[in-house]
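These notes concern the structure reproduced below.
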Amino acid sequence: MRVPSSLMSSIIDQQLAVVTDRLSRLQREISSGIRIQRPSDDPAGAVRATNLKTGIALVNQYRSAVDDSTLWLKTEDSALGSIIDLTRQVREAGLRGANPQPDGTREALGKQIEALRTSLMQVANTSDGLRYIFAGHKTMTVPFEVNAGAVTYAGDDNVKHISIGAGVTLELNHSGADVFNMGGAADATLPDLFATIDALTTAVKTGDQTAATTLVGDLDQHLTRITGIRAETGNRLMLVELSGQQLDESKLVMNELLSNTESTDLAQTLVELKNQEILFQSATFVASTLGQNGVLQWLR
Amino acid sequence: MSILSSINTALSGLMAQQKALQVTSHNVANVNTEGYHRQEAIMHTRPALPQPGARQDMVGGQYGSGVDVTTIRRISNDFVQQQLNIVEEQLARWQMSKDALQQIETFLAPGPGLNLSAMFDRFFSAWQELATHPEEIASRMLVRSEAVNLANSFNETMRKLDLLTAQNEPNLIDRVERLNMLSDQLATLNANIGRAISDGHQPNDLFDQRDVIITEMSQIAGVQYLSSDPVTGIFNLGGRPLVQGATANHLATTRVNGELQIVWEEDGTPLDSQGRQIGALLEVRDVIIPSYKTQIDEMAAAVISAVNGLHQQGYTMDGVLADQFSFFEGDSAGSIRVSDTILNDARNIVASRFPDAAGDGSLATEIFNLNAQPLLGNHTLNQAAQSVIAQIGNDVKIAETNVTANIALRGQLRMQLESEIGVSLDEEMINMLTFQRAFDASARLVSTLDEMLETIIERMG
């Protein structure tokens, strides 16, 4: 084949252009750690990466909802524990008041129950720092207040729903109405917990043993209900913790997939970089020898 | 035979070698000229002379009378040249598309994780945050700032695509003007070539120039040449003659409804050609950019109507039903913006369907759940955004592959062509030696013949 003078240089020129392009691409991949810089580097991979990023963003969001719900449920669980504890103490005092006691003792028992009711009020108005947890949707309103000696409820009996996973909705709260049976929310025939306690105080103080016995029975019903609610809260806590674990796991898997999809395989890319560097050096060397061999060298 | 006629014969050798050396010089001088085809001097013996006089001499045969350069041949290979032109046309077209598509790619996915899909992720995550913390003003401010981000990236993407359309026009005008200029040059060349040929010359260098011009014209508009005869040959563009012999027709640009159109200058008929650079520019403007704009507009419209539809059913942080204002205003990617009511006070963002329910984030959850709903046909917003990314990725990749393939093909064909028509300095140097030696020998002959004459004149006198 005839090899004209311009041919050699144009071939090397073209080769150098190809190698420099590859080199700069590899350098970018290595320095950024990301293989897919533009969608066209790998359209299918780019879409997979975008998809995974959406998934990871979702998981992060659900994870933050899980953390938040855990805090709420733990607060609610300990509040319910206190409520049960206090109600049991009221019940003990009421039971003693339902039996014949000296006047002084009855007065003292009445005082004790009143003090317990005040504590119960405090627990009923528990907040997680910002939100009242036994207020239904009205989390920014103080739910329990004493009006003319009786406890009134300013919250509602609505349930907060929180998404903690795709299609997984958690009923987060128990309203004050449910817990304390306000407004006959759970049992219309049963007076609310505070009214029961108030009535018990009066019965103990006045020595009305029949009424006291009935009211202690009412307290038992309240206790059963609240214990049931606490068990439910415990279940929710378990569910939330389980979801949290699942979310962590799926985040781990998705992060790994994402890194497989769009991260640079350093070992492989570095080897390729070295190869291209050698090619580049060879090409420049050949370019430097161009025109050194020819008839002209020997013609004088 | 006289000595004098022998001197003439030697002289013809001197002159022919000198002409051949001239051709060699021309080749060496043009070693780097684009489109140059190497030339060679073709030598033939001059007509032989019969023996003069009434009575023929008894010597058999005729005496040769020397040599002449009869043609300066231009080495060419029309077949490979035409294939090369086709590849150049394809390459020019794909290069044009690739440049535009890569710009669009930069607008749609400026970097890893910076695209509409990521914007949707962040926007909807903010709503979920609000659903979890409906009591807090901070989560509303997050929703507001992510909504502003989303609207901005819609606006910005659209603005850049519009800018690209606008940048397209000067390119089109430039290509049309260049084509007109080339048509004029071609017509002039055709005239000159025709004249030279009718005078009995062979204008090799004009042919070279003509090939270069035709290649560039093909790259711009896919000009077809029906016959390469310079005098009568017709160069067609979209079925109409662009250059016919020494006559050139011109294209012009005009505005129809504000849009640049390419027409024939003669009668204003629109140009009917889909080819090459002009075709690629028109495709970018009329097909590619509008297709992306439509998809982005659809996404914007879907997010506006879906979010607004739910938002107006909710109550603000102050317990007011939000049916008197919208969350988003506008109806397309270019016009989407967060409404002033929201911008002025983030408390106007709703989270609940109920008044006086500070702890309820159910409506925010519903808005968050929009991200999983098929708002665009069968596609969620994220899927639609991803399909745009996939599409631009594939479009760019196809264009890049075509550019690479055509560059490789061009390399092969150029090598093939260059190996025939290119100037090899080694070869020319050898030729130079050959012609120089022949010239020396002819000169020596002249001086020998001169000595013979001297012998006759001086010694016989």
Rounded to the nearest 0.5 Å, the CD atom of Gln61(A) sits from the CZ atom of Phe368(B) at a distance of 6.5 Å
Where do Ala46(A) and Ile389(B) come nearest, in terms of heavy atoms and distance? CB-CG2, 4.4 Å
State whether the number of non-hydrogen atoms from other residues, nucleotides or ligands found under 6.0 Å of Lys251(A) atom NZ is greater than 12. no
Which donor-acceptor pairs under 3.5 Å do the side chains of residues 124-131 of chain A make with protein atoms, sequence neighbours left out?
residue: Asn125(A); atom: OD1; partner: Phe144(A); partner atom: N; Å: 3.0
residue: Asn125(A); atom: ND2; partner: Phe144(A); partner atom: O; Å: 3.0
residue: Thr126(A); atom: OG1; partner: Val123(A); partner atom: O; Å: 2.3
residue: Ser127(A); atom: OG; partner: Gly129(A); partner atom: N; Å: 3.2
residue: Asp128(A); atom: OD1; partner: Leu130(A); partner atom: N; Å: 3.4
residue: Asp128(A); atom: OD1; partner: Arg131(A); partner atom: N; Å: 3.0
residue: Asp128(A); atom: OD2; partner: Arg131(A); partner atom: NE; Å: 3.2
residue: Asp128(A); atom: OD2; partner: Arg131(A); partner atom: NH2; Å: 2.9
residue: Arg131(A); atom: NH1; partner: Thr132(B); partner atom: O; Å: 3.3
residue: Arg131(A); atom: NH2; partner: Asp68(A); partner atom: OD2; Å: 3.3

Test side chain to side chain contact (heavy atoms under 4.5 Å, CB included) on Arg38(A) and Thr106(B) and set out the steps. CA-CA 8 Å; Arg38(A) 307 168 304 157; Thr106(B) 319; over 6 Å; no
Given that the side chain runs from C-beta out, which part of Ile11(A) has a heavy atom under 4.5 Å from chain B: side chain, backbone, both or neither? side chain
Option in Val18(A), Val47(A), Thr50(A) with maximal non-hydrogen atom pairs under 4.5 Å from chain B: Thr50(A)
With a sphere of 6.0 Å drawn around CE of Met8(A), does it hold more than 12 non-hydrogen atoms of other residues, nucleotides or ligands? no
Begin from the C-alpha positions of Glu129(B) and Ser64(A) and carry the test side chain to side chain contact (heavy atoms under 4.5 Å, CB included) through to its verdict. CA-CA 8 Å; Glu129(B) 187 65 27; Ser64(A) 118; 3.6 Å; yes
Among Asp426(B), Ile430(B), Asp395(B), who wins on heavy-atom pairs under 4.5 Å with chain A? Asp426(B)
Just wondering, more than 12 heavy atoms not from Asn147(A) lying within 6.0 Å of its CG? yes
Kindly give the heavy-atom pair with the smallest separation between Ala390(B) and Pro43(A), and that separation in Å. O-CB, 4.1 Å
So does Glu256(A) have more than 12 non-hydrogen atoms from other groups sitting under 6.0 Å from CD? no
Closer than 3.5 angstrom, by distance alone: can the side chain of Ser40(A) be matched with the main-chain N or O of Val396(B) as a donor-acceptor pair? no
Is there any side chain to side chain donor-acceptor pair (under 3.5 Å) pair reaching into residues 353-365 of chain B, and which pairs are they, with sequence neighbours excluded? His137(A)-Asp360(B), Lys138(A)-Asp356(B), Gln313(B)-Arg353(B), Ser352(B)-Asp360(B), Arg353(B)-Glu366(B), Asp360(B)-Ser362(B)
Search all heavy atoms of Ala131(B) against all heavy atoms of Ile162(A) and return the closest pair with its distance. O-CD1, 4.0 Å
When only pairs under 4.5 Å are counted, which of Arg122(B), His133(B), Gln383(B) shares the most heavy-atom pairs with chain A? His133(B)
Among Thr54(A), Asp41(A), Asp42(A), Asn173(A), single out the residue with the greatest number of heavy-atom pairs under 4.5 Å to chain B. Thr54(A)
Answer key: most heavy-atom pairs under 4.5 Å with chain A among Met429(B), Gln128(B), Lys397(B), Glu418(B) is Gln128(B)
Please look at Leu433(B) and chain A and tell me whether the side chain, the backbone, both or neither of the residue comes under 4.5 angstrom of a heavy atom of that chain. side chain
In this structure, are over 12 heavy atoms from other groups packed under 6.0 Å from Gln27(A) atom CD? yes
What do you reckon, is CE of Met254(A) surrounded by more than 12 foreign heavy atoms closer than 6.0 Å? yes
Looking at Ala57(A) and Ser125(B), what are the two nearest heavy atoms and their distance? O-OG, 4.0 Å
Does the Glu135(B) side chain pair with the main chain of Met140(A), one donor and one acceptor, at a distance under 3.5 Å? no
Under 4.0 Å between a side-chain nitrogen and a carboxylate oxygen: does that hold for Arg2(A) and Glu420(B)? no
Gln391(B) versus chain A, heavy atoms under 4.5 Å apart: side chain, backbone, both or neither? neither
Closest non-hydrogen contact found for Pro4(A) with Gly422(B) is CB-C, 3.6 Å
If I take atom CG from residue Asn51(A) and atom CD from residue Gln386(B), how far apart are they, to the nearest 0.5 angstrom? 4.0 Å
Engaged part of Phe124(B) at the chain A interface, taking heavy atoms whose separation is under 4.5 Å: neither
